[in-house]
**Q** 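The structure follows.
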2 protein chains.
Amino acid sequence: MSTELSPKAAEIASYAQTLLEAGGYNSFSYANIAAEVNISKASIHHHFPSKAELVRVVVSRYRQQALQGLELMERHQPDALSALKAYADYWSDCILGQTSSFCICAMLAAELPSIPDIAAVEVQGHFQDLSTWLTRILQAGQQSGQLSLNRAAEIEAKAFMAEIHGAMVAARGFGNPQVFPELAQLAIDRLTSVTN
Amino acid sequence: MSTELSPKAAEIASYAQTLLEAGGYNSFSYANIAAEVNISKASIHHHFPSKAELVRVVVSRYRQQALQGLELMERHQPDALSALKAYADYWSDCILGQTSSFCICAMLAAELPSIPDIAAVEVQGHFQDLSTWLTRILQAGQQSGQLSLNRAAEIEAKAFMAEIHGAMVAARGFGNPQVFPELAQLAIDRLTSVTN
DNA sequence: TTCAACCTACCAACTAGTAGGTTTAGTTCT
DNA sequence: AGAACTAAACCTACTAGTTGGTAGGTTGAA
């Protein structure tokens, strides 16, 4: 989908992602990027013809990396519960370690009605990717008896995703990063405890 | 906290809220409001000295209305579970009926690092308000035996709130408003089913 | 006469984006 | 090897339009 980027283009995309994490599509400008990346504002257009396209590429790479990361987790974790925990821990580490503090697709999904279509399509693609992966993991966990679902795996997957995204919002809204791992843990517990 | 607004000021605040719902703090300008509300761009400054203050007032009024609505639910519903359902149904109706499709505080919380402090403080205040109310409801439901909590009511309250906000994000990310009531229902079910 | 509500006409700063030229590095031709 | 060509990467300088905000005046009702 997206071709290899030159080192400078990658640097631009990477910083754009950082800015997206902080405040979404309309919170940053080419000037912000130019200042950080040591390139002229105009030269950004050499790498990315428009802001919409820049964000599209950022999200497209984000999707690729996410898919790779998820596949790796699935392969390296012994079972469904471990994979789910690995996913939650990944974000806990990001948020507590200040590597990054928000999923750019959750951010852009919130802003969806006001962002360019080409970017919106990519964002919705990530929602499909992630919910598909989660559905597969939950189904595996259900078959092995490790997880107990109240509803169809597809719906439980969406709910788990929503809890993770909601937990990111909560960490900011409560002004406390520690809230994220607390809520993420609860989301996992709910899939493991036996209900009647 | 916030004084009564003149009819025109209320109209401005109301439309600003609509725009905030769609795309957050940086997605709209005074020009957008001026066009809709039939007032000159400059005259908006007569009612609100700055954009930050306008948004602060919008969120402040939102908090007041929310608190009133929550109090009303608590008073008119026979029990904790009904109150919780009433809260979830309120948002389902908003989202399915296109009255509004997002909580502006969830939106602004996501964007928190990039919005003016005076607005951010108000947003975080709403998180306190709502989690306090939910905690009280959950405690009542627990004492009556109607709800069963796995964790402290404070944490379960934050988790429920996160599930609602996450469900709003999901409705947009999956491009399907119907996703919201599905996930909201699941959030409620989790508090009612007996676990071990 | 006072004052809130509103206006037009501005402003400087910033927005994404363009035009057109320069540098740099690699490739090809002799 | 050295000259010539190519093309990506980058620049300065600019544009038209928008941003939030100000100055100063008009209207109309109490």
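First the proteins, then the strands, lettered A, B, ... as listed; each starts at 1. All values below were derived from every heavy atom in this structure, side-chain atoms included, with hydrogens, water molecules and symmetry-related copies excluded.
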**Q** Between residues 22-36 of chain B and DNA chain C, which residues have a heavy-atom gap below 4.0 Å?
**A**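 When residues 22-36 of chain B is checked for heavy atoms under 4.0 Å from DNA chain C, there are no hits whatsoever.
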
**Q** Could you state the CD1-C1' distance from Ile12(A) to dC10(D), rounded to the nearest angstrom?
**A** 10 Å

**Q** What is the distance from NZ of Lys51(A) to C1' of dA16(C), rounded to the nearest Å?
**A**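 Answer to the nearest Å: 8 Å.
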
**Q** List in chain and number order the residues that pass ring-ring contact (aromatic ring centres under 6.0 Å, His included) with Phe28(B), two or more places apart in sequence or in another chain; answer none if no residue qualifies.
**A**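 With neighbours one apart ignored, the set is empty.
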
**Q** Which residues satisfy the salt bridge (charged side-chain N to carboxylate O under 4.0 Å, His left out) test with Glu74(A), sequence neighbours excluded?
**A**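 Arg136(A).
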
**Q** Calculate the interatomic distance between His45(A) atom NE2 and dG20(C) atom P; express it in whole Å.
**A**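 That distance rounds to 16 Å.
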
**Q** With sequence neighbours left out, which residue pairs that include part of residues 121-156 of chain B fulfil the ring-ring contact (aromatic ring centres under 6.0 Å, His included) condition?
**A** Phe174(A)-Phe127(B), Tyr62(B)-His126(B), Phe127(B)-His165(B)

**Q** Check whether the side chains of Asn32(B) and Glu36(B) place a donor and an acceptor atom closer than 3.5 Å, and report yes or no.
**A**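 Their side chains do not contain a donor-acceptor pair, so the 3.5 Å distance test is not met.
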
**Q** Using atom CZ of Phe48(A) as one end and atom C1' of dA9(D) as the other, report the distance to the nearest whole Å.
**A**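 Between C1' of dA9(D) and CZ of Phe48(A): 13 Å.
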
**Q** Using the side chain to side chain contact (heavy atoms under 4.5 Å, CB included) rule, pick out the option among Leu81(A), Leu149(A), Ile137(A) that qualifies with Leu191(A).
**A**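 Checked Leu81(A), Leu149(A), Ile137(A) against Leu191(A); only one passes side chain to side chain contact (heavy atoms under 4.5 Å, CB included): Leu149(A).
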
**Q** Please list, chain by chain and in numerical order, all residues satisfying side chain to side chain contact (heavy atoms under 4.5 Å, CB included) with Ser144(B), sequence neighbours excluded.
**A**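 Testing Ser144(B) for side chain to side chain contact (heavy atoms under 4.5 Å, CB included), a comparison that skips the adjacent residues, returns Gln146(B).
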
**Q** Please enumerate all residues that pass salt bridge (charged side-chain N to carboxylate O under 4.0 Å, His left out) together with Glu53(B), with sequence neighbours excluded.
**A**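 For Glu53(B) the salt bridge (charged side-chain N to carboxylate O under 4.0 Å, His left out) partners, ignoring immediate neighbours, are Arg56(B).
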
**Q** How long is the line joining CD of Glu53(B) and P of dT22(D), in whole Å?
**A** 13 Å

**Q** Hey, can you pull the donor-acceptor pairs under 3.5 Å for the side chains in residues 82-106 of chain A, sequence neighbours left out?
**A**
| from | atom 1 | to | atom 2 | distance (Å) |
| --- | --- | --- | --- | --- |
| Ser82(A) | OG | Asp79(A) | OD1 | 2.7 |
| Ser92(A) | OG | Ala88(A) | O | 3.2 |
| Ser101(A) | OG | Arg172(A) | NH2 | 2.6 |

**Q** Identify all pairs in which a protein N or O lies below 3.5 Å from an N or O of nucleotides 5-9 of chain C, and state each distance.
**A**
| from | atom 1 | to | atom 2 | distance (Å) |
| --- | --- | --- | --- | --- |
| dA5(C) | OP2 | His46(B) | NE2 | 3.2 |
| dC6(C) | OP2 | His47(B) | NE2 | 2.9 |
| dC7(C) | OP2 | Ser40(B) | N | 2.8 |
| dC7(C) | OP2 | Ser40(B) | OG | 3.2 |
| dC7(C) | OP2 | Ser43(B) | OG | 2.7 |

**Q** Taking distance alone, no hydrogens or angles, what donor-acceptor pairs closer than 3.5 Å link side-chain atoms of residues 109-119 of chain A to residues at least two apart or in another chain?
**A**
| from | atom 1 | to | atom 2 | distance (Å) |
| --- | --- | --- | --- | --- |
| Glu111(A) | OE1 | Tyr25(A) | N | 3.0 |
| Ser114(A) | OG | Glu111(A) | O | 3.1 |

**Q** Using a strict heavy-atom distance below 4.0 Å, which residues from residues 110-118 of chain B are in contact with DNA chain C?
**A** none

**Q** Looking at residues at least two apart in the chain, or sitting in another chain, which of them share a side chain to side chain donor-acceptor pair (under 3.5 Å) with Ser40(B)?
**A**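 Ser43(B).
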
**Q** Enumerate donor-acceptor pairs with a distance under 3.5 Å from any side-chain N or O in residues 9-22 of chain A to protein atoms, sequence neighbours excluded.
**A**
| from | atom 1 | to | atom 2 | distance (Å) |
| --- | --- | --- | --- | --- |
| Thr18(A) | OG1 | Ser14(A) | O | 3.2 |

**Q** dT15(C) C1' sits how many Å from Leu54(A) CG, rounded?
**A**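 From Leu54(A) CG to dT15(C) C1': 15 Å.
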
